[in-house]
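All chains are named by letter (A, B, ...) in the order of the sequence lines, taking the proteins before the strands, and each is independently numbered beginning at 1.
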Number of protein chains: 4
Amino acid sequence: MTQRYDFASDNVAGAMPEALESLMTANAGFASSYGTDHVSARAADLIRELLDADAEVRFVASGTAANSLSLAALAQPHEAVLCHEDAHIATDETGAPAFFGAGLGVIGLPGAAGRIDPAALAAALARPDSAHSQAPAVLSLTNATEYGALYPEAALAALVGAAKAAGLKAHLDGARIANAIAAGLPAASLARLGFDIAVLGGTKAGATPSEAIVLFDKTLARRFDARLKHAGQLVSKGRYLAAPWIGLLETGAWTTRAAHSNAMARKLAALSPFPVAHPVEANAVFLQLGREARRGLRTAGWRFETWVGGESRFMCSWATTETAVEELGAALRAVA
Amino acid sequence: MTQRYDFASDNVAGAMPEALESLMTANAGFASSYGTDHVSARAADLIRELLDADAEVRFVASGTAANSLSLAALAQPHEAVLCHEDAHIATDETGAPAFFGAGLGVIGLPGAAGRIDPAALAAALARPDSAHSQAPAVLSLTNATEYGALYPEAALAALVGAAKAAGLKAHLDGARIANAIAAGLPAASLARLGFDIAVLGGTKAGATPSEAIVLFDKTLARRFDARLKHAGQLVSKGRYLAAPWIGLLETGAWTTRAAHSNAMARKLAALSPFPVAHPVEANAVFLQLGREARRGLRTAGWRFETWVGGESRFMCSWATTETAVEELGAALRAVA
Amino acid sequence: MTQRYDFASDNVAGAMPEALESLMTANAGFASSYGTDHVSARAADLIRELLDADAEVRFVASGTAANSLSLAALAQPHEAVLCHEDAHIATDETGAPAFFGAGLGVIGLPGAAGRIDPAALAAALARPDSAHSQAPAVLSLTNATEYGALYPEAALAALVGAAKAAGLKAHLDGARIANAIAAGLPAASLARLGFDIAVLGGTKAGATPSEAIVLFDKTLARRFDARLKHAGQLVSKGRYLAAPWIGLLETGAWTTRAAHSNAMARKLAALSPFPVAHPVEANAVFLQLGREARRGLRTAGWRFETWVGGESRFMCSWATTETAVEELGAALRAVA
Amino acid sequence: MTQRYDFASDNVAGAMPEALESLMTANAGFASSYGTDHVSARAADLIRELLDADAEVRFVASGTAANSLSLAALAQPHEAVLCHEDAHIATDETGAPAFFGAGLGVIGLPGAAGRIDPAALAAALARPDSAHSQAPAVLSLTNATEYGALYPEAALAALVGAAKAAGLKAHLDGARIANAIAAGLPAASLARLGFDIAVLGGTKAGATPSEAIVLFDKTLARRFDARLKHAGQLVSKGRYLAAPWIGLLETGAWTTRAAHSNAMARKLAALSPFPVAHPVEANAVFLQLGREARRGLRTAGWRFETWVGGESRFMCSWATTETAVEELGAALRAVA
């Protein structure tokens, strides 16, 4: 029985050809180390161009580190981060924000499809400060959300605006921001929206391991490389973290291939005989399978994750083929 | 004026063909994530074979993280690590051991050419415990040393033996262990010597960014992946950290190319009109240039680092050519 | 309008005469510092006698520190503590466990009246380990609970037994253990039950600021003083933290006065025209007041805390008088 | 043989009558908790009056915590503190600054008698920033120094001025600032000098355990109580930490008794047949005893500490009597 990993996550795919090509190109010759090289400079330029923003950019190998380090730069250890209660930083990073942030707190807020309910945010912001609990200092938004939904620009503006009005900083977990941009969010909106730091996902978008930390607030760049090294995140051969971005962005593949993965998700949703649990707006499809159906699919070799709430997740990626979607569709029908 | 970075460090070189080839191979198809993939498994097997040891192996993107995380696994926050006073963890990692170790102390010991003086170690081990200072819990050895010298196996045995007899754990910073092995240290000695954890350097040996953490004490493997994720070191597309090791080890290039870099260093030392400051036993050449000579070399475009003690470091790598060594030799003679 | 703080908490009372007397006695002459003095030795002896256990004992100034430091000694940073979801360490210590534990996680479990539901514990213990979340390494129980309920000895045995069988350590937050002992829990049961560390509350029981950390597992005592100093908890004039315990324990006041505070709580509950929200088994009374009643009481000068669930808390202490209880009873009737 | 602890440290003395009296007074009645009480308010007022400064004041139980917490508030984890190489925070606090500061670095500077050499400070400030080491963000000065010497106001001004000009913050470890003030340093100078935070020692000056954290930069007061609680330093019965200060300051005993301890040190130095190793400007006397003399003194029951450099320290305190000084003088002559 062949195991089918292709829908297990968007990090099970390899790197796309565009990323590998620029990696190969970057490999030539000698280059200064620790991110001071020409490859890192070029990749940062491309990101600034994409975002139409005069930001500082750094590259790290893991999204957990990118997010946690960013949050630690925005909050004190006795403060907290507000995020969706199912955000990756809250549920899936083994306490990394508290490690990087020396005990930094994480406060989860409710909301459908992974989008924070504005009323819940308002209530959290209205809570008076106390010495006995960690007061919020940062709002972290994930777009696309853990459930494959998107925040429209206006929704982001409302949430970030409310947080900023209350004196908080704003952080974007953009592990799948390429999918959001491919679906219509203007890349230039991130700077306008007032995010202090955004993490742009390379890994799930089809790069070799790489995430870009974008410091829109350039005052944060002071001693940021020291912060990276202190936290074990300043890789010496920095060009290899930056390189894939050149291919992704020069060719536009970062968004065009994200558009493909979004399309594959829509196609899968359309083929599914089971109801979708969340809006299919990016590259994730959550289906309400029963226990029987889940067992049947697994027996047939399909790998996927099932959430606490019972819905099963199928992720599409740049590497997802129409054929694979059809095969999964058929498998779903077979267990329906 | 062309800048010549090639001797600035061994991390300025690109990745060797063998590493890139296995990276490309690893790219094919889907693979489970977070280090549970077939590539990671194969690379770990090769390392176990190399070391002739039944150890657990993990891959991370930075040596700073590999070392700091290992030390945090071996000591409590109110304890300390003994290392050479010029060890990378003591002088060049921006306090990372204290960050990963929640305030873990680092105690530097003297010794020529980066090798810990056994008498200094004995004195440190003899110091009575006190509530008012951080007592040593780990001995960390660097081989090849920061000064390009080697510990012979007997010297390692004496130091590790003394530490273990005093109840300490032992850690190897093997960022350049390939150079030591190429120079004659048996790879299988690491397990015999009693190291609890060894970090094997991929990056400086010619890989894309990757260091292997080898847990000889397999009890440390319990929840080690959670430790990695907590510390932002569990990369989702783990195969890309493991992949280069397959090429390095299957072909033997990890050591044969390290032998080349060692040979280039010896050649450079032989060509130098300036006295060498430390024994040239691996891939580093430290020369006693005067201020004048340093300025002259820099003006001619050569990049190199000068130590606090005044000696200038020239590093060779797998990519160093005979021609480059001769060019640098000529440049040195020109400023002599 | 006089503010009436007496029922706001059990930490609003002063120190009882027995504590002050031994403090004065301890003040005489010179004494060696950092807990190596004769006063600390005597207080530790009394605690060992009370608990009928050969344990190591240390004194610190705050319960938050005592608990957090203990948990950090029992778990790794990438692990977690299981406790009641309303436990002090989970809700009222500003993230201190995560600070002392370098990102240590806290997992809250449900259960009535602050007592962990055994089924919830069983479910938490049955969850398979994952690299992506913090697996439990310690069970922390609070007795008396935050809601003034008690765990009978058999309930403690069942919970600790289940945790130990799953390989966890056990910690007691005994901020109000004097109240539990006064209500019938044998002091000697703590050792028998298998707690690795217990924190015995002095402060809320009528001492000047002091909590005793009892290391039943004496292997934890190795370098524990260094751990205390590293964490800013090794007070130089240690005798002042130990001294009140001599008065509390030599006279038996620690328990007899706790019995008084328990009795005052029962009396208050009996006088209340409002229903009690939780069993009144120790020194707390939670009343279901309406918003109107709360406002009325506050207007009349009474200070008390209202929980998230809406119930209002009135704490009795060694200093609570029958008269005060009657006055509060009358005030409650006035707003009923 | 009676052990004579009286010169072992200034923390071996009990609390002075003035401190105990105000402690007793503070004990009466109920008081709100966590430092919000009338006793804490009054003590803070007295400190503001003493310092002639509109500062925020908090009280903690240990000097290690007071210093480390203050430094963590002034620097980022990837930065460092500059201090004298023999400062308490560098040598005698078991790595506490790195624990509280999540890996915060400590850089020791040389200088005679515990006073930082201005040239060494200038050199440290001139060092260019690097991503590979922790750049200084705070200057910490200790007055009186570890060696019982004083910084004159002009020397403090020069050092703090240089640090501030380079963008650093300034911290005072004033564990023995009472001795400096008793010796002529104007209390009001601390605010003028530009310290951001000063720690005023109560413990060594004759209080029960208590140190005052003075936030001259009041912007630091935001969420400082949460910071205290997060770090296990917010004692619930806060009045007991504040109370001794009322007695110390209302009566002037804090300085008059410090003057006495200074005088006792001068008297001891005058009686000593051995040369003094450092200027006797506060309450410490460092004598150059030989090994023989040290052994003789110890055999006679005298307790004292001997520094790495070989000099032996004798500390005077508020409780040191003329008779004791004469007895020690005689003992010194007996072994001379």
Checklist line | Backbone of Ala131(C) reached by a side-chain donor or acceptor of Thr94(A) within 3.5 Å | finding: yes

Next item on the list: Heavy-atom distances under 4.5 Å only: say whether Thr64(A) touches chain C with side chain, backbone, both or neither.
Entry: neither

Margin query: At a 4.5 Å cut-off on heavy atoms, which part of Gln134(A) comes close to chain C: side chain, backbone, both, or neither?
Written below: both

